[in-house]
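Because only heavy atoms are used, hydrogens play no part in the values below, and waters and symmetry mates are left out as well, while side chains stay in.
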Amino acid sequence: MSTELRYTENNSPRAHYRRPAERPFTASERERTTILIGGLTQRHERFIQAVFEGSGYRCEILPTPDLTAFHVGKEYCNNGQCNPAYFTAGSLIQHLMNLETQGLSRSEIENRYVFFTAGCCGPCRFGMYDSEYQLALENAGFGGFRVLLFSQDDGVRQKTSEPGLKYTLDFGLGMLNAIILGDILNDLAYKLRPYEIVPGQTDDVLGLCVQDLCEHLRTHKCVDLLSRVPSWLSSQLTRRDTLRITLSVLYKLHHHLYGPAFREVLNSCRARINAIALDRLRVKPVVKIVGEFWAQTTEGDGNYRMFSFLEREGAQVYPESIGTWIAYLLSNARLRLHTRRGLDKQHQEPGRWELRRRWSNELDFQKKRAFLSSGEWMFTREHNRIGGVFRGLTKDLVSQRELAHLARGFYHPLARGGEGHLEVSKNIYYTVHKLCHMVLSLKPFGCMPSSMSDGVQSAVVSHFKDMTFLPIETSGEGETNAHSRVQMALGEAKTKAKAEFQAALASTGKAMEEIRNFVFRNPELQKPFYPIPARHGIAGVAANFVLHVSDVMNGRARLKHA
C-alpha cells in the first residue's frame, strides 16, 4: 500500500476502521434482561423459549413477521437486502415500539432486552444481517439495543469475561432436544392434518403435546453425578478432576437423552396423537418444500403463508427439517478439512523433509475430522432415535453422503452459499425415490445462492423428465402471482396423485366402497401410527393405503396394531 494511502495530508497515520464496540450482555444483567427470539417455526420457538427459561433466563418470542413488519424493515434497513432481513428487523423494531407505547423508555428497552439470532460469514448477504439489524435499530432510535449473534463459525459472540448468556452442557442438550422436537412435531402436524376426520383435532392435540414437552424442558433438571454415587466413590472423584468431569458429562448425556422422564413425556405424546382418527383414502398430492433456510421455514407472510395455502388447495405439505441443515453444516465442515489437509495454522505447507511438522499437521487433521464425523453421526442418530418414538409417521434424516453424491454431477458439494448443493440434491432425491409429486422451492427475491441453484435446476429438470419442480421467489409483494403459479403446478401434481391412486385401486380388483367399509369395521386402520408399508414408486398416502388394505382383506398381510 502506498504512503499516500497510509497517511493523511498532515502526515499523521490513518486509523484503521474498526467496527464500533457493542455493549456486552453480562452475567450481572441476567435476572433483569429478557432475551427476544424469533425466525423459526412456532413450535421450535416454544421449545427454545422453554430451554432458556429452564436455564434461568427471561425469554420472549417475537410475533411471526407480517407485511407490516416487512414495510417497517424496508423503512429502516438499507435498500437491496434479502426479505428475511426486512421481515426480521421489522418484527423486532415493531416489538420494541410496542414496548415503548406500553410506557417503557428507550433506555429501559435497551437495558432490559436483547435479541438472539443467527449469523455467519458466507458469500451472500446473510453474513451482513447483524450489521443490518444494528443499522435498522439505530435508524429507528434504538442505537444502544444489543444483538447477540450465534455464528455458525464462532458460536456466540460475547466479548466479556462474564457473559450473560453462558453455555452449559445442560443448556446445549436442551437446545438439541428443542430443535429435534420442533422438527418432529412439525412433520407430524403436516402429515396428520390433511387426513384428520375431526377438523382442528390435530392442532389441538399437538398443542397439548407442546405444552407437556415445554414443561419438561423448562422444569426437568439433571442431578449432579456426585450425589448419585456412594460417598467413598464421590470422595475419590473429587480428587480427580478429569475423570469426574468426563463421567459427569457422560452421565448428563445419558440422562438428558435417554432418561425415564424424557421417555415418559414422549410416550405420553404418542398416546395423545394416536387417538386422532384419520381418513387416509383422501387423495392428496405430496408437495416437498425446499429452498433458502428462512423462506422454507417461516410460517407467515415471509413466504406468502405458503404451507396453509397448499393445505387449503388440497395438498399434503412435506416440510424440511432444521436437522437436515445442521447435519449439512457438520458434513460440509468435514469435507472442507480435506482441502486444507497438510497445511498448518498459517496455511503453509511444510517442507519435504520437515517430518515433525507434517506429522503434527496430519494429526491435527485427523482429530478434527474424527470430531466432525462423530458429531454428525451422533446428531443424526439422536434425531432419528427420538423420531423413532413416532415411527410410522416420521422418517430418518437423509444421509448427507447420499445427497452430496446425487448433486455431484450438477453442483459441487463444496460450493458455498445458502444451502449449497442441498436444493439440487433434495430435488433429485425426493423425485427419484418417488417420495413426492412436486418439489416447491421457496427463496427470497434476489437470493444469490438460490439463484445459482435455480440455474442448475434447469439442467436437473431436463435430465429427469417426470420431475415437477417450481421455484418461487418471495418478497413483501406478489402473493397473488405466487399463489397462481403454485396452483398451476399443483394441478399437474394432483393429476399425478389421482392417476397413481386409480392405478393402485384398479390393481386390487376392489371397489372403493369395499375398501372404505373394511376400514370402517377396523378402526385400527384409522390410527396415525398404524404402519402402512410404502411401496416403491408410489408417493401418495391413499395409494399406499388401498394396496395395504387390499392385502389385509386378501390375507396377504395381517392387521397390525398401532
Side-chain angles (χ1 to χ4, degrees), residues 41 64-67 70 83-84 87 186-187 189-196 199-200 202-203 279-292 294-320 423 426-428 430-431 434-447 450-451 453-455 457-458 460-462 464-503 538-543:
T41 72
T64 301
D66 55 15
L67 282 178
F70 171 78
N83 70 311
F87 275 100
N186 279 337
D187 192 31
Y190 288 110
K191 280 189 168 71
L192 297 175
R193 197 162 42 224
Y195 305 99
E196 62 185 8
T202 299
D203 289 336
D279 177 11
R280 291 189 175 93
L281 293 174
R282 300 172 183 174
V283 181
K284 294 180 177 291
V286 180
V287 179
K288 175 62 185 173
I289 304 296
V290 300
E292 186 269 340
W294 187 86
Q296 72 176 352
T297 303
T298 187
E299 297 166 321
D301 290 332
N303 63 11
Y304 306 131
R305 301 187 181 273
M306 191 60 73
F307 301 157
S308 57
F309 172 76
L310 286 167
E311 288 190 340
R312 290 197 305 272
E313 292 296 312
Q316 176 192 334
V317 177
Y318 195 161
E320 188 54 70
E423 288 187 50
K426 285 188 284 193
N427 188 16
I428 299 172
Y430 286 97
T431 298
K434 304 294 184 183
L435 298 175
C436 68
H437 300 102
M438 168 183 164
V439 177
L440 176 62
S441 179
L442 301 172
K443 66 283 303 283
F445 176 77
C447 175
S450 290
S451 297
S453 174
D454 285 348
Q457 296 284 18
S458 59
V460 174
V461 173
S462 65
F464 298 94
K465 301 300 182 182
D466 60 341
M467 180 178 286
T468 301
F469 171 77
L470 177 66
I472 291 290
E473 288 193 328
T474 63
S475 68
E477 300 86 13
E479 178 178 325
T480 302
N481 178 58
H483 284 177
S484 177
R485 292 184 61 205
V486 171
Q487 283 177 322
M488 293 174 63
L490 196 57
E492 181 181 345
K494 287 180 178 179
T495 300
K496 284 184 179 180
K498 289 177 182 177
E500 178 185 78
F501 177 77
Q502 292 299 331
I538 297 179
V541 170

Query raised in the report: Do you know the tightest heavy-atom contact between Phe309 and Val486?
Result: CE2-CG1, 4.0 Å
Query raised in the report: Which atoms form the tightest heavy-atom contact between Ile289 and Phe307, and what is the distance?
Result: CG1-CE2, 3.7 Å
**Report entry** Atom pair CG/CG of Leu440 and Leu310 - distance to nearest 0.5 Å
**Finding:** 6.0 Å
Query - Nearest-0.5 Å distance, OG of residue Ser462 to CD of residue Gln457 - result: 10.5 Å
Report task. Could you check Asp454, Asn83, Thr474, Asn303 and say which one makes a side-chain hydrogen bond (donor to acceptor under 3.5 Å, both in side chains) with Lys443? Result -> Asp454
Report task. Identify the heavy atoms of Cys436 and Ala539 that sit nearest to each other, and give their distance. Result -> N-CB, 3.6 Å
Report summary line: dist Arg193:CZ -> Glu311:CD (nearest 0.5 Å) comes out at 4.0 Å
Requested in this report: Using a 4.5 Å cut-off on heavy atoms from C-beta on, say whether the side chain of Val541 contacts that of Gln316.
Outcome: yes
Report summary line: So CG of Leu67 and CZ of Phe87: to nearest 0.5 Å the spacing works out to 5.5 Å
**Report entry** Minimum-distance pair of heavy atoms, taken over all atoms of Arg282 and Ala542
**Finding:** O-CB, 3.6 Å
Requested in this report: State, yes or no, whether a side-chain contact exists between Leu470 and Val439 at a heavy-atom distance under 4.5 Å.
Outcome: no
Query raised in the report: Under 4.5 Å between any side-chain heavy atoms of Gln487 and Glu313, yes or no?
Result: yes
Requested in this report: Compare all side-chain heavy atoms of Val290 with those of Asn427 and state whether any distance is below 4.5 angstrom.
Outcome: no
Query raised in the report: Can you tell me if Ser458 uses its side chain to pair, donor with acceptor, with the backbone of Gly455 under 3.5 Å?
Result: yes
Query - side chain to side chain contact (heavy atoms under 4.5 Å, CB included) evaluation trace for Asp66 with Asp301 - result: CA-CA 5 Å; Asp66 55 15; Asp301 290 332; 3.4 Å; yes
Requested in this report: Assess whether salt bridge (Lys or Arg N to Asp or Glu O under 4.0 Å) is satisfied between Arg305 and Glu479, documenting all intermediate values.
Outcome: CA-CA 9 Å; Arg305 301 187 181 273; Glu479 178 178 325; over 6 Å; no
Query - Tyr304 OH to Ile472 CD1 distance, which is reported to the nearest 0.5 Å - result: 8.0 Å
Query - Residue pair Glu500 / His437, side-chain donor-acceptor N/O under 3.5 Å - result: yes
Report summary line: Note: Ser441 and Glu423 closest approach over all heavy atoms is OG-OE1, 3.2 Å
**Report entry** Separation of Tyr430 OH from Leu435 CG (nearest 0.5 Å)
**Finding:** 7.0 Å
**Report entry** Test item: Met306 and Leu442 side chains (from C-beta on) under 4.5 Å apart, heavy atoms
**Finding:** yes
Query raised in the report: Less than 4.5 Å apart, any side-chain heavy atom of Pro84 and any of Glu292?
Result: yes
Query raised in the report: Hey, would you say the Phe469 and Phe464 ring centroids sit under 6.0 Å apart?
Result: no
Report task. Please say whether the positively charged group of Lys191, taken as NZ for Lys or CZ for Arg, lies over the ring of Tyr318, i.e. under 6.0 angstrom from the six-membered ring centre and within 45 degrees of the axis. Result -> yes
**Report entry** Minimum side-chain heavy-atom gap Lys288-Glu320 below 4.5 Å
**Finding:** yes
Query - Nearest atoms (heavy-atom pairs only) where Tyr190 meets Glu299 - result: OH-OE2, 3.8 Å
